[in-house]
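In what follows, a structure is listed as structure tokens, so that the remarks can point back to it.
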Amino acid sequence: MTVSTHVRRTRIHLTGAASTAVRPLLESPRRPARVLAAFPAGVYLEVRTDLEPSVIAVITGEATRLPNSVLVAGPLPHVTVGDEASVGDRVIDLGPLSMRVRRWWDPAPPLGPADPASLAGAASILARPAEQRPGLDGNGAIASLAAACAQGWLLGVVTAAEQLIGLGPGLTPSGDDVLAGLLVTLRHLGRATGADRAVWLADWLGATVTFDARTRTTPLSATLLHCAARGEASPEVLAVLRGVTGGQALDPALRRLRRLGHTSGADLAQGVAIGVHAVLALGGQR
């Protein structure tokens, strides 16, 4: 007689709400994925696809809601880097967890019309020194990027961006976070204030940073750059943009953003500041 020592794991079935940024992946046929990083409140899954870099963040309510996130209504299983998973048909299978997407949320809600004059005061607040310093504070490429954006000088913007992609340590290097904050700001504030030149700049900058992001930076950061190019961001970034346009208090929103990660929040805020200054400078240009 053969006695099996294999213990069958009980499947845990949960529902969740997903960002529309990852809807094409979730609604496509089932395909394999692997655990890229795992934390108590979030697991990053790299989906094996030939499309744009594709990382999905499966998170609980305690984690930062990145624009590529799926929010799970329950605890996450214990998994390790390299573990297998699958994604598709609106289902994520991760270890013993089987999560079905029931709802969607928009990571790029429009700001609505805004008065360009209201941005000047916000720009001065964003420029104040803060306790959380950006990871590339004092880097020459950051200064070059800011100057070129304010002039609407495409070649200068692209040249500086090329130096920043993938620059810095971690899952989301500082250079990428600055570019992401800038991209989202140019697109949203450009539309809100009617600064067509800023939106035009966002289009070209987005095309530049996403062209070969897969080979220039981490899979997660490449995915977030693709999201930023479309104007998709975390609630903390979007709250700062609402604060810039007077939709809510700016100072507390800025403090919450700067507290994210080791330097990610400060880096994103630096990109937002560059973008606000650029929209002000480019507001009258067509």
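Position 1 is the first residue of the sequence; numbering continues from there.
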Checking side-chain polar atoms at under 3.5 Å, does Arg31 have a donor or acceptor matched by the opposite partner on Thr49? yes

For the side-chain contact (heavy atoms from CB on, under 4.5 Å) test, which of Val87, Val43, Leu45, Ile56 pairs with Val70? Ile56

Evaluate side chain to side chain contact (heavy atoms under 4.5 Å, CB included) for His226 paired with Glu232, printing each intermediate quantity in order. CA-CA 9 Å; His226 276 265; Glu232 297 161 352; over 6 Å; no

Please determine, by modelled atom types, if Thr172 and Ser264 share a side-chain donor-acceptor pair under 3.5 angstrom. yes

Run Gln270 and Ile142 through side chain to side chain contact (heavy atoms under 4.5 Å, CB included) and show every step you take. CA-CA 9 Å; Gln270 187 175 39; Ile142 298 291; 3.6 Å; yes

Considering only NZ, NE, NH1 and NH2 on the basic side and carboxylate oxygens on the acidic side, decide whether Arg191 and Asp196 come within less than 4.0 Å. no

Enumerate, atom names and distances included, each donor-acceptor pair closer than 3.5 Å involving a side-chain atom of residues 109-124, sequence neighbours excluded.
| unit_1 | atom_1 | unit_2 | atom_2 | d |
| --- | --- | --- | --- | --- |
| Asp115 | OD1 | Ala117 | N | 3.0 |
| Ser118 | OG | Asp115 | O | 2.6 |
| Ser124 | OG | Gly121 | O | 2.6 |

Run the numbers on Thr263 and Arg133 for side-chain hydrogen bond (donor to acceptor under 3.5 Å, both in side chains), then give the verdict. CA-CA 7 Å; Thr263 65; Arg133 304 303 298 170; over 6 Å; no

ILVMFWY network linking Trp105 to Leu224, side-chain heavy atoms under 4.5 angstrom: no

Whether the side chain of Ser69 engages the backbone of Leu66 through a donor-acceptor N/O pair (distance < 3.5 Å, no angle test) should be reported. yes

Given Val240 and Leu126, is the side chain to side chain contact (heavy atoms under 4.5 Å, CB included) satisfied, shown in steps? CA-CA 10 Å; Val240 169; Leu126 289 164; 4.3 Å; yes

Leu76/Leu97 under side chain to side chain contact (heavy atoms under 4.5 Å, CB included): CA gap, chis, key distance, verdict: CA-CA 8 Å; Leu76 293 173; Leu97 173 66; 4.3 Å; yes

Heavy atoms only: give me the nearest Ser174-Asp267 pair and the separation to one decimal. OG-OD2, 2.8 Å

